[in-house]
Amino acid sequence: MAKIKLTKGELKRQRDSLRQYERYLPTLQLKKQQLQLEILQQSNLATEKRNALEKKKEAVLSWAGLLAEPGVNIREWITLSNIVAGEKNVAGVDLPVFERVDFLHADYDLFTTPMWVDFAVEALRNIVTLKEEIGVIEKGINILKIELRITTQRVNLFEKIKIPEAQEAIRLIKIYIGDQMANAVGRSKVAKRKIEQAEHLEVYA
């Protein structure tokens, strides 16, 4: 703890600081809880989406061999043109929210293209969409974790350093001021006694 001035002015400053810390700490603690809850919810959502992605990948394996047919190249039909994400605020933190992905237009001849291509394009687009959604969720989780670390550091700073330091400073200043007042009273009594003794001597002189 830094050296403090043992004065009434410093006592007031420390008391004001303590009130401010104690008023701000519950807000930080609430923010910490909200961030922890949101991280848990987003992590569960990410797990749910990963499981759905694995199921879709497994389903593709049953017909994936068709993609090797000559003259069929659906890569351009599952190419992203845009990722659309909104935003939401959680405990003062702006998080991305996945909305949709846009793909390049699948322009092919319905008469010369195998019938399974429509199904394949839709299935693979679903896989790509899920991958992008998981990416957005993970980005949000990382943002939340960074904010949680900062908030936790602030909570610890207030709980373990600032509040105890202010309380100790107030205690020391009050002891010092109390001692000073006691000494002043003592000196006053001594001075009064000396005056009384002097007056007594004058009376009997």
E10 and R13: CA distance, side-chain angles, deciding distance, side chain to side chain contact (heavy atoms under 4.5 Å, CB included) verdict: CA-CA 5 Å; E10 181 65 13; R13 194 182 74 79; 2.9 Å; yes
With side chain to side chain contact (heavy atoms under 4.5 Å, CB included) as the test, would you mind laying out the steps for L18 and I163 before giving the verdict? CA-CA 6 Å; L18 180 59; I163 289 176; 3.8 Å; yes
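Here the straight-line distance linking atom CD of E48 with atom CD1 of I134 works out to 10.5 Å at 0.5 Å rounding. Separation of atoms CD (E147) and OG1 (T152) is listed at 10.0 Å; rounding is to 0.5 Å. Separating the CG atom in L25 from the CG atom in L157 is a distance of 10.0 Å, to the nearest 0.5 Å. Here CG of N51 is found 11.0 Å from CG of L130. Values are rounded to the nearest 0.5 Å. In this structure, CG in L124 is found 11.0 Å from NZ in K56, a value given to the nearest 0.5 Å. Note that OG1 of T7 is 7.0 Å distant from CD1 of I177, once rounded to the nearest 0.5 Å.
Donor-acceptor pairing under 3.5 Å is recorded for the side chains of E159 and Q29. Residues Q42 and E38 have side chains that bring a donor and an acceptor to within less than 3.5 angstrom of each other.
Other members of the hydrophobic cluster containing I143, listed by chain and number, are L35, I39, V90, V93, L95, L144, L148; membership follows side-chain contacts under 4.5 Å among ILVMFWY residues, whether direct or relayed.
Applying the ring-ring contact (aromatic ring centres under 6.0 Å, His included) test to F119 and every residue at least two apart in sequence or in another chain returns W63. Taking the salt bridge (Lys or Arg N to Asp or Glu O under 4.0 Å) definition, one finds that R149 meets it with nothing, sequence neighbours left out. Residues that satisfy the side-chain contact (heavy atoms from CB on, under 4.5 Å) test with K57, not counting sequence neighbours, are L53, E54, I127, K131. Under the side-chain contact (heavy atoms from CB on, under 4.5 Å) criterion, V101 pairs with L80, I83, F98, F103, T129, E132, not counting sequence neighbours.
Minimum interatomic distance between A91 and Q34 (heavy atoms only, all atoms of both residues): CB-OE1, 3.3 Å. Closest heavy-atom contact between K5 and I173: O-CD1, 3.7 Å. Between P164 and I161, the closest heavy-atom pair is CD-O, 3.4 Å.
Around atom NZ of K31, more than 12 heavy atoms belonging to other residues, nucleotides or ligands sit under 6.0 Å away.
For residues 96-105, the set of pairs meeting the salt bridge (Lys or Arg N to Asp or Glu O under 4.0 Å) definition, not counting sequence neighbours, comprises R100-D102.
Residues V136 and V128 share a single hydrophobic cluster, defined by chaining ILVMFWY side chains whose heavy atoms lie under 4.5 Å apart. Hydrophobic clustering places I170 together with Y21 (ILVMFWY residues linked when any side-chain heavy atoms are closer than 4.5 Å, directly or through intermediates).
Salt bridge present: D16 and R19 bring a charged side-chain N and a carboxylate O closer than 4.0 Å. A salt bridge is defined here as a Lys NZ or Arg NE, NH1 or NH2 lying under 4.0 Å from an Asp or Glu carboxylate O, and R50 with E138 meets this definition. Comment: E58 does not engage K55 in a salt bridge, judged by the lack of any side-chain N to carboxylate O separation of less than 4.0 angstrom.
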